[in-house]
Amino acid sequence: MGWYFDILIGYLARAIVRLVKLHRSDGWPLQDAVISGSRCPPAPYGGPVAEISYTYNYAGGYYAGVHREPFLWRSSAEDYAARFISGNHIVIRVNPKRPEISIVRQDDQTRVGLALAKVVVG
């Protein structure tokens, strides 16, 4: 039971941090990014996490980012990571003052988000 409690606490902590980051990125511009890989690494504590790596260009610079999504179950994290295929595109938000900082938001992964990103990219 203690093991499950550790996973639950880790998940909640990661989810709260993610919510704060999501809120801070509300005004950041949308940008197209290319997925460079996805995985579900072993989690020593705090429960499973899916990691999605991506690259993007912004204001003449080339950057890389990693999206980490927490889960309660490893199978859910693996299923999520498997949806992100290397070479495919995703929409991210970029901090215009510090373009090395970016975030993936699920609500941006709609057709509207993709259309907006294509306009921003060119």
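Computed over heavy atoms, backbone and side chain alike; hydrogens, waters and symmetry mates excluded. Predicted model, so just to flag it, every value in this text is computed and none were measured.
Contact check for S102 versus Y63: no side-chain heavy atoms found under the 4.5 Å cut-off. Using a 4.5 Å cut-off on side-chain heavy atoms (C-beta onward), L30 and R93 make contact. A heavy-atom distance below 4.5 Å is not found between the side chains of S86 and S38. By the 4.5 Å heavy-atom criterion applied to side chains, Q109 and D107 are not counted as neighbours. Using a 4.5 Å heavy-atom cutoff, the side chains of E51 and E69 are not in contact.
Applying side-chain contact (heavy atoms from CB on, under 4.5 Å) to Y56 and the options I92, V34, I90 leaves one that passes, I92.
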side-chain contact (heavy atoms from CB on, under 4.5 Å) between I35 and H67, worked out: CA-CA 10 Å; I35 298 168; H67 166 61; over 6 Å; no
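Side-chain atoms of S53 do not come within 3.5 Å of backbone N or O of S36 as any donor-acceptor pair.
Scanning all heavy atoms of the two residues, the minimum distance from P96 to P99 falls at O-CD, 4.1 Å. For the residue pair Q31 and N57, the shortest heavy atom distance occurs at NE2-O, 3.0 Å.
In terms of the side chain to side chain contact (heavy atoms under 4.5 Å, CB included) criterion, residue partners of A77 (sequence neighbours excluded) are, by chain and number, C40, P48, A50, F71. The side chain to side chain contact (heavy atoms under 4.5 Å, CB included) test applied to N95 returns W28, K97, R98, I101, not counting sequence neighbours.
Aromatic ring centres of Y58 and Y62 lie farther apart than the 6.0 Å criterion allows.
Note: I85 CD1 to I52 CD1 = 9.5 Å, rounded to the nearest 0.5 Å.
Listed by first and then second residue, the salt bridge (Lys or Arg N to Asp or Glu O under 4.0 Å) pairs that reach into residues 76-85 are R74-E78, sequence neighbours excluded.
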